[in-house]
Amino acid sequence: MAKRLKVESSKKKEKWKIFSMADGIEKEFLKGPQIEMFGNKRIIIEGCLGVYEYNQNYLKLRLKNGALILCGSDFDISSFEENTITVGGKISTLEFCE
């Protein structure tokens, strides 16, 4: 039976710290809109203040700091309650503008 060699590295393993909610980054995340996409078929946007333009192929939404433009086809606004909008359809592009 072969003898196993145990090799120990003198290099300490690094743990990557991408961000910590204790650093105050959580507040930065909550300032903008919260966007949740389900493939390219449905999108939920929290922080939507209104709709600028809407048709089957184009949707321009009003956000706190600008607008969000969705392009695609067969758009349908399935719900818009308080500041959360749910849009179904085939989404091909998503663009933020100020």
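For the numbers below, each heavy atom of this structure counts, side chains included, while hydrogens, waters and symmetry mates do not. Please read these numbers as outputs of a predicted model, since none were measured by experiment.
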K.L.:
Got a sec, which hydrophobics cluster with Ile69, joining ILVMFWY side chains under 4.5 Å apart, including via others?
P.N.:
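Via sub-4.5 Å side-chain contacts, Ile69 links to Tyr58.
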K.L.:
Please find the pair of heavy atoms, one from Phe80 and one from Ile85, that lie closest to each other, and give the distance.
P.N.:
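Reported closest heavy-atom pair: CD1-CB, 3.9 Å.
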K.L.:
Quick check on side-chain contact (heavy atoms from CB on, under 4.5 Å): which of Asn57, Leu59, Thr93 does Leu70 satisfy it with?
P.N.:
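Single pass found, and it is Leu59.
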K.L.:
Among residues at least two apart in sequence or on other chains, which ones pass side chain to side chain donor-acceptor pair (under 3.5 Å) with Ser79?
P.N.:
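Per chain and number, Ser79 pairs via side chain to side chain donor-acceptor pair (under 3.5 Å) with Thr86.
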K.L.:
Please test Glu98 against Asn65 for side-chain contact (heavy atoms from CB on, under 4.5 Å), starting from the C-alpha separation and ending with a verdict.
P.N.:
CA-CA 7 Å; Glu98 295 188 32; Asn65 295 325; over 6 Å; no
K.L.:
Kindly indicate, with the supporting measurements, whether the criterion side-chain contact (heavy atoms from CB on, under 4.5 Å) is fulfilled by Arg42 and Ile44.
P.N.:
CA-CA 7 Å; Arg42 191 173 85 169; Ile44 299 172; 4.0 Å; yes
K.L.:
Do you know the tightest heavy-atom contact between Cys48 and Leu63?
P.N.:
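In terms of heavy atoms, the two residues are closest at CA-CD2, 4.1 Å.
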K.L.:
With clusters defined by side-chain heavy atoms of hydrophobic residues (ILVMFWY) lying less than 4.5 Å apart, directly or transitively, does Val51 cluster with Phe96?
P.N.:
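Yes, one cluster joins them.
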K.L.:
When hydrophobic residues are tied together by side-chain contacts of less than 4.5 Å, even through go-betweens, does Ile45 share a cluster with Met37?
P.N.:
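Cluster IDs for Ile45 and Met37 match.
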K.L.:
Taking atom CG of Leu49 and atom CZ of Arg62, what is their separation to the nearest 0.5 Å?
P.N.:
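Output value for this atom pair is 5.0 Å.
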K.L.:
Shortest non-hydrogen contact from Ile77 to Tyr54?
P.N.:
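So the minimum-distance heavy-atom pair works out to N-OH, 3.4 Å.
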K.L.:
On a heavy-atom basis, which atom in Phe75 and which in Asn55 lie closest, and how many Å separate them?
P.N.:
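Result for this residue pair: CB-O, 3.9 Å.
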K.L.:
Atom CD in Glu82, atom CD in Glu46: separation rounded to 0.5 Å?
P.N.:
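Output value for this atom pair is 10.0 Å.
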K.L.:
Quick check: closest heavy atoms across Gly72 and Ser92, and the distance to 0.1 Å?
P.N.:
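Answer, listing the atom of Gly72 first, then Ser92: CA-OG, 3.6 Å.
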